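Below: one structure, written as structure tokens.
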Amino acid sequence: LKKIAVLTSGGDSPGMNAAIRSVVRTCAYHSIDCIGVYRGYEGLIEGDFKEMNARSVRGIINKGGTILKSARSKEFRTKEGRQKAYDSLVKANVDGLVVIGGDGSFTGALIFNQEFGFPVMGIPGTIDNDIVGTTHTLGFDTALNTVVDAIDKIRDTASSHNRLFFVEVMGRDVGHIALNAGIAGGAEEILIPEENLGLERLVESLNRSRKSGKSSSIVIVAEGDKIGKNIFQLKDYVDENMEGYDVRVSVLGHMQRGGAPSCFDRVLASRMGVKAVESLLEGKTNFMVGLLNSKMELTPLDNAIKGKTKINLELLRVSDIMST
Ligand code: ATP
């Protein structure tokens, strides 16, 4: 390979910039050219490229978001769109592609490879941690720190006013953010899609902790949880069936996707970028790089897309014990 392109696609996450930096600098280290593609697959189709060298990625390791911008591309879902993307890459003499994104972006990359034989390598960038083949996706750790910081602040006001707070966190269909941040933030209950507590048991448990002398409570609700139809209906139910608490809702929202990446995410991004470029240089394609047993490992994109992450049962147990 002589020239590698890198793009960020789908939802952004903290650490994407650190990964771009790593890809660009690894290319420089191995004396091959690198180009950045703006706006994910949209920019690939339009040929919106920028030559990058080791100096073009200075000062970005600590920045959230992505300097290359991210996008969702309808056109890339069509054969014609992918043909245009291929033509743009060939025209620019690119012969390998690193895709930083989630499972949708990897699906696109895999189809693209199957159609044109173009070498592709994935780096998992999403705060949700919902991709198999890595214990941590890029941005997960930073999002956890953001959420824990928010829980700490909410607890200050909760305990000053005898309040019960329902705090909704991101995570799509999985409860990784909720479970980890809930344990770290000392939440009384954690509601995740993987485990349905039921409304009655929730109220029972909150009543128990109230009687045991707690003056405030925090319940973390994963956005994908289905115990209530939504968090506001959950609040109404508890309001009607519990006494003694002033019940409030806080939906953390997109703040969880931003901010300076944590040390962990910066190191992870740097390792993933090196592994992605060097794997392409070794002639490998259709893999995602990931962190498994503290090592950088490759997982076939196909498995990464189709697999479903499992909630850590030991963590669930820890959270149960902590809320007694
Ligand atoms: P996030 O987890 O943050 O949502 P993602 O990578 O899963 O990130 P998607 O919007 O699902 O985000 O996918 C990003 C882009 O990947 C899409 O806009 C589209 O261009 C491309 N893509 C997704 N699925 C396909 C597919 N089946 N065929 C071709 N391209 C696809």
Side-chain angles (χ1 to χ4, degrees), residues 5-17 19-20 37-48 64-66 68-89 97-118 120-134 136-144 146 169-177 193 222-224 252-259 261 265 269 272 276 286-290 299 301-309:
V6 57
L7 61 79
T8 49
S9 168
D12 64 307
S13 70
M16 280 186 162
N17 278 327
I20 294 167
V37 179
Y38 286 107
R39 294 173 295 114
Y41 292 127
E42 280 296 297
L44 202 60
I45 290 168
E46 292 166 22
D48 193 0
T66 158
L68 290 177
K69 314 266 184 207
S70 191
R72 302 196 198 266
S73 167
K74 278 211 180 100
E75 206 181 349
F76 196 74
R77 291 175 185 271
T78 67
K79 175 97 204 224
E80 296 72 39
R82 293 190 294 272
Q83 179 70 53
K84 284 190 208 161
Y86 178 71
D87 295 342
S88 308
L89 285 170
L97 176 66
V98 176
V99 173
I100 307 172
D103 55 351
S105 305
F106 292 167
T107 306
L110 195 57
I111 293 173
F112 188 63
N113 172 274
Q114 284 158 353
E115 282 173 352
F116 301 100
F118 202 89
V120 295
M121 198 57 64
I123 293 182
T126 163
I127 64 166
D128 305 328
N129 211 33
D130 57 350
I131 296 179
V132 296
T134 188
H136 291 74
T137 55
L138 265 190
F140 176 52
D141 183 69
T142 304
L144 287 181
T146 304
V169 303
M170 283 183 167
R172 272 217 276 204
D173 305 327
V174 294
H176 300 298
I177 293 181
E223 65 177 336
L252 298 187
H254 282 81
M255 65 175 294
Q256 296 164 87
R257 290 245 292 256
D265 273 328
M272 284 177 163
N286 299 4
F287 288 101
M288 180 198 88
V289 302
T299 296
L301 277 180
D302 211 19
N303 297 1
I305 294 160
K306 288 191 189 130
K308 268 217 160 291
T309 56

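Both counts, for ligands and for their atoms, begin at 1 and track the order of listing. Just so it is clear, the structure is predicted and the values come from calculations on it, not from any experiment.
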> Nearest protein heavy atom to atom 27 (N) of ligand 1, by residue and atom, and its distance?
Replying inline: Thr107 CG2, 3.5 Å

> Backbone, side chain, both or neither: what part of Asp103 comes under 4.0 angstrom of ligand 1, heavy atoms only?
Replying inline: both

>> Any salt bridge linking Arg82 with Glu115? Criterion: basic side-chain nitrogen under 4.0 Å from a carboxylate oxygen.
In response: yes

Only distances under 3.5 Å count here; give the side-chain donor-acceptor pairs of residues 100-112 to other protein atoms, sequence neighbours excluded, each with its distance to 0.1 Å.
unit_1, atom_1, unit_2, atom_2, d
Ser105, OG, Ser9, OG, 2.8
Thr107, OG1, Asp103, O, 2.8

>> Checking contacts here: is it the side chain or the backbone of Arg172 that comes within 4.0 Å of ligand 1, counting heavy atoms only? Could be both or neither.
In response: side chain

> When you measure from atom 25 (C) of ligand 1 to every protein heavy atom, which one gives the shortest distance, and what is it?
Replying inline: Arg77 NH1, 3.6 Å

> Any idea which protein heavy atom is nearest atom 10 (O) of ligand 1, and the distance to it?
Replying inline: Arg72 NH1, 2.6 Å

> In ligand 1, which numbered atoms sit nearer than 4.0 Å to a non-hydrogen atom of Gly102?
Replying inline: 2 (O), 5 (P), 6 (O), 7 (O), 8 (O)

> Considering Ser73, Gly101, Ser105, which one's heavy-atom position lies nearest to atom 14 (C) of ligand 1?
Replying inline: Ser105

> How close does the nearest protein non-hydrogen atom get to atom 3 (O) of ligand 1, and which residue and atom is it?
Replying inline: Gly11 N, 2.9 Å

> Among protein heavy atoms, which sits nearest to atom 15 (C) of ligand 1, and what does the distance come to when rounded to 0.1 Å?
Replying inline: Ser9 OG, 3.7 Å

> Side chain or backbone of Phe76 under 4.0 Å from ligand 1, or both, or neither, by non-hydrogen atoms?
Replying inline: both

> Does a donor on one side chain sit under 3.5 Å from an acceptor on the other, for Thr142 and Asp265?
Replying inline: yes

>> Once rounded to the nearest 0.5 Å, what's the spacing between atom CG of Leu138 and atom CD1 of Ile131?
In response: 10.0 Å

> How close does the nearest protein non-hydrogen atom get to atom 23 (C) of ligand 1, and which residue and atom is it?
Replying inline: Gly104 O, 3.0 Å

>> Quick test: of every protein heavy atom, which one is nearest to atom 31 (C) of ligand 1, and how far off is it to 0.1 Å?
In response: Gly108 CA, 3.7 Å

>> How long is the straight-line distance from CD1 of Ile45 back to CZ of Phe76, given to the nearest 0.5 Å?
In response: 6.5 Å

> What is the closest protein heavy atom to atom 28 (N) of ligand 1, and at what distance does it sit?
Replying inline: Ile111 CD1, 3.3 Å

